[in-house]
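Here's the structure we're looking at; comments come further down.
Chain letters run A, B, ... following the sequence lines, proteins first, then strands; residues in each count from 1.
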Amino acid sequence: MADKKHSDHHQEQHWVWKYVFSVDHKVIGLQYLITSFLFLLFGFGLLMLLRWQLAYPGQPVPLFGRFLPEALAPGGVLMPHFYNALGAMHGTIMVFLGMVPLGVGGYGNYILPLQIGAPDMAFPRLNMMSYWVYVVGGILMLSSFFIPGGAAQSGWTSYPPLADISPGQTMWLVAMIFVITSSLLGSINFIVTTLNMRAQGMTLSKMPIFVWGQLVTAVLLLLAFPPLEAAAVLQVMDRVFGTSFYLPTGLVIFGQTLDVSGGGHPLLWQHLFWFLAHPEVYVLILPAIGIVAEIIANNTRKPLFGYKEIVASMLFLGVMSFLVWAHHMYLAGMSSKLSNFFLVTTLIISVPSVAILTCLILSLRGASIRYSVPMLFALAFLPLFGIGGLTGLPLGLTTTDIYLHDTYYVIGHFHYVVVTGSLIALMGGVYYWFPKWFGRRMDDFWGKVHFWGTVITMNGIFFPMFIQGLAGVQRRLYDPTAQAHNLPTQPLNVVSSVFAWLLFLAQIPFIWNFFYSMFKGKKSEENPWKATTLEWACPSPPPHGNFETPPKVYRGPYEYSVPGAKTDWTPQHVET
Amino acid sequence: MSSTAHAEHLQEPVTGIPNGKLGIWLFLASEVMLFSTLFTTYIILRVAAPEWPRGWEVLNVPLAMTNTFVLITSSVTMVLAYAKAVTREKAAFNKYLGLTIALGFVFLGIKAIEYGAKFEHRIAPSTSIFYAIYFTTTGLHGLHVIGGIIANSVLLWLSNKQWDHPLFVGRIEYAGLYWHFVDIVWIFLFPALYLL
């Protein structure tokens, strides 16, 4: 990285270097943001197809059915293997290509250096490389739909032995290795930037909650992703070189003993996968909590309740998230001593999550709340994330999990956490930082239409799943009407599906608002929200190098309504 | 790994540790997690296996022993290259870094002979779970050796142009840290696969 270019050189650069292969964290941040929103939209599209099969099993998909190839959906009716591919790819794309790159790559890249008063990330070229490695991984993942045998069909969790023998999986693994590499490079960059590039006076205890969230997230990515990378390498070995890491001796498939050496363990994959994938949950939620904390402090016009408690809880969450993974595997046949251990750690990890949520709720007390569009999203996050978290407790308890495991209850639970929790916060963040990105405001009316449409439909999709799950409906069923006990709740599948399609309609005002406001929106002043954190101490959008003179930090991040101050906000970089 | 795109803006790294050094240590932390996962896999598979071959009976210990000495020697020459970069002795630096690269190739050559002998006897990763873990771990380690050789070669090639670059010595140090890590992984792999 022998990069000695001075910021001024960038101004005269060719547009390819300025907007495509840029090393500027702001451009890379927006690239991540837009790419990951597109992946979210695509993953959501897969889901809309899949929901048709769930609501009206065996009937041809209207409108889009005729565009689907004969091999996948003859006459517009989804084939079972295509249904499985839709499910597996929906999960993979939403988590690994959508939510993580959006929260970390998008928001982290753009906002974090600004909030700590840095001119850029610590390793700008590495940053660009992370983005392009992610793009390559994403393209490989999408292209797997077009290879013989189709895309991966073993769920986003890729459990062997199924994943070792079903088609499409090798491409999934190769794509994942790219995505993981991108995350690793990114996380190194984030940690070094946060630790080394802070402005003068920006001590750790003066960092905004958003920065703390990103720092803990980066550490989780750094330490949790390599085990999945190793696990993926082993699965590639199994599929390409015929090893048996995940295949037991004497495995019988279709009445025939599989011709492999054997001696491996399917459970090994589950352990390695969930060792990543539980910290992954916190990778999904911590950036969102950071965004919500920023929006709440700004719109309640008072300091956050319990800054230190939130930071401590985040650090504790980070540590504990490595000790709870096997609660995803209670039914995999582990000893009760082991499951008791994971039961206890799981209940312990709920404490810091509740502490954070409590602090955020108590921050509202006695405030004269400014109901701006971002604040609506932040306010919706609190109860909905609460529902997601609390419905997780019965899944953490071994006894209740025996019944609820792999039912729609689980799907409802984690979608409440990740969609009505994280995604709502990440959408709110767009409205909050849009003036920073483009120097213009998004339209409030369409913002509110988007907000209400999104919140109502999301609940319409996911709430029925709790009822279905409690009634015993299993997840991943191609035809839910095939079993009698699913029939009483089948109408709820229709409800969920209709709300899913309505959710798509609710995103149209958002997409339109985003692009319209980018060019034609009302011009915004430099600090439209009257916020205290450093990202508002430079022009909007910030020039290359961000700050004209390196800022100095004199106070904590949320000094709102300080008694005796002239205004109700005292920015971090203002002396006195 | 070090970058100075904005060295002009920046005074000192806040922690006092240069960005590149902090970055390479974090990278090594993730590498530790990667190889720990493989070692954990090895332990789990071995403990659960009804029988496990004795490494010294099926693998070529003298070759692996030679390779261990080759890698340790290369770590020494790497340190000497760094020392010569610090004391600004260019000719000696080139000699030691060149030796490090050469020893890396020697290691790969011996590894190739070892692999070749196995393939001749129709032994492949799919033969048994023991050979699966043997080929996977040593193969992944081999890829890391290749990565180290590439990094060192680039630095050797750049040394003419960048000898006086303020960050050059730092880069040698970071490449050295990585090379030592690759060495240490082998020092764990050797007994685990060949001797235990």
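- Atom OG1 in A:Thr249 sits 8.5 Å away from atom CD1 in B:Ile129 (nearest 0.5 Å).
- Of all the listed residues (A:Leu247, A:Ile191, A:Leu223, A:Leu221), the one sharing the greatest number of non-hydrogen pairs under 4.5 Å with chain B is A:Leu223.
- Of the possible polar contacts, one joining the A:Asn196 side chain to the B:Thr15 backbone as a donor-acceptor pair under 3.5 Å is found.
- Between chain A and the residues B:Ile133, B:Thr40, B:Ile44, B:Val32, the largest count of heavy-atom pairs under 4.5 Å involves B:Ile133.
- Per-residue counts of heavy-atom pairs under 4.5 Å with chain B were compared for A:Ser244, A:Ala230, A:Ser261; the largest is that of A:Ser261.
- Annotation: the span from A:Met121 atom CE to B:Asn19 atom CG amounts to 11.0 Å, rounded to 0.5 Å.
- Using a 4.5 Å cut-off between heavy atoms, B:Pro18 touches chain A through its backbone atoms (N, CA, C, O) alone.
- The contact between A:Leu195 and chain B is made by backbone and side chain atoms together, counting heavy-atom distances below 4.5 Å.
- Shortest non-hydrogen contact noted between A:Arg198 and B:Val14 is O-CG2, 3.4 Å.
- With a 4.5 angstrom heavy-atom cutoff, B:Ala29 touches chain A via backbone and side-chain atoms both.
- Heavy atoms only, all atoms of each residue included: B:Ser126 and A:Phe241 are closest at CB-O, 3.4 Å.
- The most heavy-atom pairs under 4.5 Å with chain A, out of B:Thr127, B:Leu140, B:Thr41, B:Leu158, come from B:Thr41.
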